[in-house]
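These notes are about the structure you will find just below.
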Number of protein chains: 2
Amino acid sequence: MIAVRGLAGLKTRDLAREIGCANGAVYNLVADVDELVLRVGSRTLRRLDEALSAAVRAGNPSPQETLVRIAIAYCDFAAENLQLWRALFEHRMEADKAVPDWSIEDQMQLFRHIYVPLAALFPKRGAEELGVTARSLFSSVHGMVALGLEQKLVAVPLPALRKEIAGLVRAMIDGLIAQAA
Amino acid sequence: MIAVRGLAGLKTRDLAREIGCANGAVYNLVADVDELVLRVGSRTLRRLDEALSAAVRAGNPSPQETLVRIAIAYCDFAAENLQLWRALFEHRMEADKAVPDWSIEDQMQLFRHIYVPLAALFPKRGAEELGVTARSLFSSVHGMVALGLEQKLVAVPLPALRKEIAGLVRAMIDGLIAQAA
DNA sequence: ATATTTATTGAACGATGTTCAAGTTCTCTG
DNA sequence: CAGAGAACTTGAACATCGTTCAATAAATAT
């Protein structure tokens, strides 16, 4: 239902009707909608992880081109799974409720795809520093994808967005290498 | 109310009580909450615009350092106006309702801060191309700020985030210059 | 066959955005 | 300044949510 109607289109009553049970029975499967959304998010993250893994496996290019491929794969996955991908970031827990550990774990896993080629590029850097850089790289690509796929503003055609992302990722890495030298 | 309790904490009843009128009277000022949020967003964007303008005015550094200052100013503004800034991006209209022109206009204005120094750096590029690059730069910095200020994951201390942003912006620009050469 | 545990139901509760008929206040005119 | 007409205000009522829970049904154990 999230995939079809978006996160805001997920209603427990519709869901109950769809799976053929009473309204209240939904809460036998899940504590509340927050958990439901997080569990869907978990599946989405797993599929995203597979997509990124496939992008890394394909061919055996340089670490920098691997990073470019990861970024493009991220972009493609977001475009092809727009609503599910958006749900990952649109969803907010109530202020007092904590995100469960298994969900945090899911999110952290993704950084390793970026971490590995980055470590190859910057063997002098420590794990801590590499983690921060991996995070920054991910964040900036995420930002480009998020705002690029937002039809709210000017709609950027997907091929143009992919090209733009590839260009900026290469620029970032080239720049980082130049800084390190 | 958005500034204090966040976008989700804005309730029309509370608002009516706060401004001292009946529930329904809110709708004399505003068609619906969507418009209310967009009008608050408009003010936030204006203040953000001022903050970026101030960052550009301060000193008279190179175009690349100007871009770094803009990025840092964006980060600082987001940190100091966290809830209001978040509301700009968290808010979603219902699928069938369009964002009004005046709100779109507000958003577009911001890119000019990036556009100007970028045009100085890449005088050979056309307006179209510069616009796309400006957008990409903004998007990637936005992504870093958005995920960096999310306490959901590991909380990055603000000074570290600023440093990280400055580093990556310099890397991106250096990389873009190298590509153009 | 009966008792006990487990699962399911759907009505009801509380919150929330929004509407609107009725009441109130303001304003302009004779 | 009186009073009619316009404009505004009110708060109860509606629809839509997520969520709860006593009552009921089903499954399982004795």
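Here the structure is a predicted model, which is why all the values come from computation and not from measurement. Letters A, B, ... are given to chains in the order of the sequence lines, protein chains preceding strands, and every chain is numbered from 1.
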Closer than 4.0 Å, any side-chain N/O of B/Asn28 to the OP1 or OP2 of D/dT9? yes

Take atom CD of A/Glu35 and atom C1' of D/dG18, then tell me their distance rounded to the nearest Å. 15 Å

Nearest 0.5 Å please: distance from the CD atom of B/Glu65 over to the CD1 atom of B/Ile72. 9.5 Å

What is the distance, rounded to the nearest whole Å, between atom CG of A/Asp34 and atom P of D/dC17? 17 Å

Whole-Å distance between D/dT10 C1' and B/Arg17 CZ? 16 Å

Integer-rounded Å distance: D/dT19 C1' and A/Leu15 CG: 14 Å

So if I take residues 6-14 of chain A and measure heavy-atom distances to DNA chain D, which residues fall below 4.0 Å? A/Leu10, A/Lys11, A/Thr12, A/Arg13

Please answer whether the main-chain N or O of B/Val99 pairs with a side-chain N or O of B/Ser103 as donor and acceptor at a distance below 3.5 Å. no

On DNA chain C, which is the earliest and which the latest nucleotide, 5' to 3', with an atom closer than 4.0 Å to a heavy atom of chain A? C/dT8 to C/dA12

Do side-chain atoms of B/Arg5 reach the backbone of B/Ile2 as a donor and acceptor pair under 3.5 angstrom? no

Between B/Glu164 and A/Arg135 (salt bridge meaning N to carboxylate O under 4.0 Å), is one present in this structure? no

Measure the CG-OG1 distance between A/Leu84 and A/Thr44 for me, rounded to the nearest 0.5 Å. 4.5 Å

Side-chain contact test, heavy atoms from C-beta onward, threshold under 4.5 Å: evaluate it for A/Lys97 versus A/Asp32 and give yes or no. yes

Applying the side-chain contact (heavy atoms from CB on, under 4.5 Å) criterion to B/Leu10, which one of B/Val40, B/Val4, B/Leu36 satisfies it? B/Leu36

Distance check needed: D/dC17 C1' versus B/Glu94 CD, whole Å only. 13 Å

Check: A/Asn81 side chain, A/Phe77 main-chain N or O, donor-acceptor pair, under 3.5 Å: yes

Specify the separation, in whole Å, of atom CE of A/Met93 and atom P of D/dG18. 16 Å

